[in-house]
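Here is how names work: the chains are called A, B, and so on, in the same order as the sequence lines, proteins then strands, and each is numbered from 1.
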Amino acid sequence: MKASRLLMPTLRQVPAEAEIASHQLMLRAGLMRKLASGIYSFLPLGLKAFKKVENIIREEMDNSGAQELIMSALLPSEIYIESGRWEVFGPEMFRLQDRGGRDFCLGPTHEEVFTTTVRNEIKSYKALPVTLYQIQTKYRDEIRPRFGVMRCREFVMKDAYSFDRNEEGLDQSYQAMRDAYCKIFDRCKLDYSIVQADSGAMGGSGSEEFMVKSDIGEATLAFCNDCGYAANDEKAQCKPVPEENNDPYYTMEKESTPDVKTIEDLEKFFNCKSSQFGKTLLYQADDQVVAVMVRGDRDVNETKLKNYLRCADLALADEETVVKATSAQVGFAGPVGLKVRLIVDLEIPEMKNFIIGANDTGYHYKNANFGRDFETKEIVDLRNITEGDACPVCGGKINIAQGIEVGHIFKLGTKYSEALNCRFLDENGKEQPVIMGSYGIGVGRTLASIIEQNHDENGIVWPVSVAPYHVIIVTVNNADEQQMALSEKIYKDLQAKGIEVLWDERNERPGVKFKDADLIGYPVRLTVGKKASEGIVEYKLRKEEHYTDMSVEDALAAAVAFVKGI
RNA sequence: CGGGGUGUGGCUCAGCUUGGUAGAGCGCUUGGUUCGGGACCAAGAGGCCGGAGGUUCAAAUCCUCUCACUCCGACCA
């Protein structure tokens, strides 16, 4: 391809809408443009890179034995009504009607379509197992699209679904996908971690996420460097750390604390740390009100609470409910004499002589102790893990990092096959629900993550595997006939060798060409300049600072060897 | 959904307080000089200032409504 003919509208300035490096670079390098909030068009260079990622995914999925097909993005409401998710998805689902007033949606995820397809087409155990996948566009009306294609409303996802006869089969299908995902992200040159993830109250038996470590990631991860434990914050288990404290158990005393409502107020009033308080929060869980107690400096992990309570909706109780349950204003809730169900975090029984709300406006108790002053049988892991916590596996020190979720693999079990009546006949002629797994990769998000991890101050530094072009030829001076002739020769030679090459023969000054080459980030740059008359060109890798003068033959050989990874 | 911010040519922004119907830099077109890290000179093209209504002799500027974008939060398979 010749650069003069390519639509590659690079920008010198950073568009005001972009905050993070990958988003800025995707716009500046002319890979994509925004059409509306969370909706993007891919331009030629962006599409080329996008398809590289897609094809890596496709190859590894095919290698794993999965079969590609494609479903419509426009889906009838019936199948979602059948699974119950027409309601569950709520406003996140794009909905529309046809001319006859029939309800449709733009598919946010395709469990229902795949499950009903298998239900209709597979009747016998002989046809199982089968894993099907598609690379297809999904629609979700995100509350807040962000970071370009990282979180957007129309995006391409590779979604795969496995169908097995039993749990052992599911384990194998799951492992095959897990292995394929590792190969995919390795080939994309991503630095990623596989972390345990929450599989939800109703969900199946296991779930892991593929996380790219990045400060701009919206997910929080917990890692143990000693034993390799890794989980996202929703899932990460917390171990109580017994406190070294030889104080005797003091008598509980009620203390007047007017206008002291928040943890900060309490720290000032009692002149002690927030870890010496017990925080009592009231939650509305479906139609039940529950009180939840964690140490003052901890945060309640609502996912853990939701899973424990097995409820559908969970939210902090409103003021009226709190007043009714505690007989006090908000800010003075405590476990002593409380009229609602009490659940305490594992740390609470470990604490000694701590401060709690008195369920009486303007009063707190000090020197409270679990088991003596209040009690409950529900002692549960309820809090968010924090930096420095003990690893739940080996007791080592936990580190916290941010991550971008690029892939998610999930053992669904029979959740959808039961709901949608997807059954097969086993060897005994008995009907059984199909055991399912689901596996997703965000293609655009993967692409953006690659840029997030592979860029410098001048632009993108593409790995060869996903670069829109492998080699850029920069002709320094178009007016020099020798330079033009030699450039064209190199261009044709590389093409003949199967290298994807872009020749920058635009009538621009060299500085412009170099800047664009660095911004777009082609892995190899061949510069044809003054020494063209001697048959010498400059060979430079994008990821390295230095360049080398070489004979044309050597430069061609070096470029080919680098691109083909020899 | 709550709170903040911003909408002026393709991009980045100034002008708004104190009304007099538009500017800069970059980009684009043409000609010339240049040619190894975003050149220079000259001449051009391109905007009813997000939209609607109002105040006024007169509105990018003031008022009301509305839409879009964006940030923080809540929420989120």
**Student:** Ignoring the backbone of A:Pro15, work out which of B:C69, B:C11, B:G36 is nearest its side chain.
**Tutor:**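 Output: B:C11.
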**Student:** Of the options B:C35, B:C69, B:C75, whose atoms approach the side-chain atoms of A:Val476 most closely?
**Tutor:**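 Closest nucleotide among those given: B:C35.
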**Student:** Suppose you measure atom P in B:G10 against the same atom in B:U6; what distance do you get, rounded to whole Å?
**Tutor:**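 Those two atoms are separated by 22 Å.
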**Student:** Between A:Arg95 and A:Asp103, does any NZ, NE, NH1 or NH2 come within less than 4.0 Å of an OD or OE carboxylate oxygen?
**Tutor:**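 Salt bridge flag = no for A:Arg95 with A:Asp103.
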**Student:** Output the single nucleotide from B:U70, B:C76, B:C13 whose closest atom is nearest the side chain of A:Arg151.
**Tutor:**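 The answer is B:C76.
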**Student:** What's the gap between B:U17 and B:A60 when it is taken at their C1' atoms, as a whole Å value?
**Tutor:**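 That atom pair is separated by 14 Å.
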**Student:** So, are A:Glu209 and A:Lys235 salt-bridged, with charged N and O less than 4.0 Å apart?
**Tutor:**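 No, this pair does not count.
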**Student:** Counting Watson-Crick and G-U wobble pairs only, both distances under 3.5 Å, name the nucleotide matched with B:G44, or none.
**Tutor:**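 Pairing partner: B:C28.
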**Student:** Is the distance from OP1 or OP2 of B:G37 to the nearest side-chain N or O of A:Lys513 less than 4.0 Å?
**Tutor:**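 So the side chain of A:Lys513 is outside the cut-off, no N or O lying under 4.0 Å from OP1 or OP2 of B:G37.
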**Student:** Check the distance between B:G38's C1' and A:Asp504's CG and give it to me in whole angstrom.
**Tutor:**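 Atom CG in A:Asp504 sits about 13 Å away from atom C1' in B:G38.
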**Student:** Do the charged groups of A:Asp159 and A:Lys138 touch, with an N to O distance under 4.0 Å?
**Tutor:**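 Looking at A:Lys138 together with A:Asp159, the answer is yes, because their closest N to O distance falls below 4.0 Å.
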**Student:** Considering only side-chain heavy atoms of A:Glu538, which listed nucleotide, B:A74, B:G36, B:C11, is closest?
**Tutor:**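 The nucleotide sitting nearest to the side chain is B:G36.
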**Student:** Provide the distance between the two P atoms, one in B:G20 and one in B:G15, to the nearest whole Å.
**Tutor:**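 That atom pair is separated by 14 Å.
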**Student:** Checking contacts here: which listed nucleotide (B:C69, B:G37, B:C35) is nearest the side-chain heavy atoms of A:Lys34?
**Tutor:**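 Of B:C69, B:G37, B:C35, B:C69 is nearest to the side chain of A:Lys34.
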**Student:** Side chain of A:Arg12: nearest nucleotide among B:G27, B:C76, B:G37?
**Tutor:**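 Of B:G27, B:C76, B:G37, B:G27 is nearest to the side chain of A:Arg12.
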**Student:** Please state the P separation for the pair B:C16 and B:C62 - nearest whole angstrom.
**Tutor:**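 The answer is 10 Å between these two P atoms.
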**Student:** What's the verdict on side chain to side chain contact (heavy atoms under 4.5 Å, CB included) for A:Val471 and A:Leu502, showing C-alpha distance, side-chain angles and the deciding distance?
**Tutor:** CA-CA 6 Å; A:Val471 176; A:Leu502 185 70; over 6 Å; no
**Student:** Side-chain N or O of A:Ser37 versus OP1/OP2 of B:U70: is the shortest distance under 4.0 Å?
**Tutor:**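 Checking A:Ser37 against B:U70: at least one side-chain N or O falls below 4.0 Å of OP1 or OP2.
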**Student:** Can you tell me the Watson-Crick or wobble partner of B:U6, both distances under 3.5 angstrom?
**Tutor:**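 Across all strands, the one nucleotide that pairs with B:U6 is B:A68.
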**Student:** Please report the distance separating the P of B:G27 from the corresponding atom of B:G73, rounded so that it comes out in whole Å.
**Tutor:**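 Each nucleotide's P atom is 38 Å from the other's.
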**Student:** Using the side-chain heavy atoms of A:Gln13, tell me which of these nucleotides is nearest: B:C76, B:G25, B:C35.
**Tutor:**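 Taking heavy atoms from C-beta onward, the closest nucleotide is B:G25.
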**Student:** Measuring from the side chain of A:Arg146 (C-beta onward, heavy atoms only), which nucleotide among B:G73, B:A77, B:U70 has the closest atom?
**Tutor:**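 Minimum distance to the A:Arg146 side chain belongs to B:G73.
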**Student:** Let's see if you can work this out: which of B:U12, B:A74, B:A77 has an atom nearest to the side-chain heavy atoms of A:Ile143?
**Tutor:**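 My answer, after comparing the listed nucleotides, is B:A74.
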**Student:** Which pair of heavy atoms, one from A:Ser487 and one from A:Ile473, lies closest together, and at what distance?
**Tutor:**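 Scanning both residues completely, I find the closest heavy atoms to be O-CD1, 4.0 Å.
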**Student:** Could you tell me how far apart A:Asn232 (CG) and B:C76 (C1') are, to the nearest whole angstrom?
**Tutor:**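 In whole Å, B:C76 C1' and A:Asn232 CG are 14 Å from each other.
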**Student:** Name the closest nucleotide to the A:Lys515 side chain, picking from B:A77, B:G38, B:C69.
**Tutor:**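 Minimum distance to the A:Lys515 side chain belongs to B:G38.
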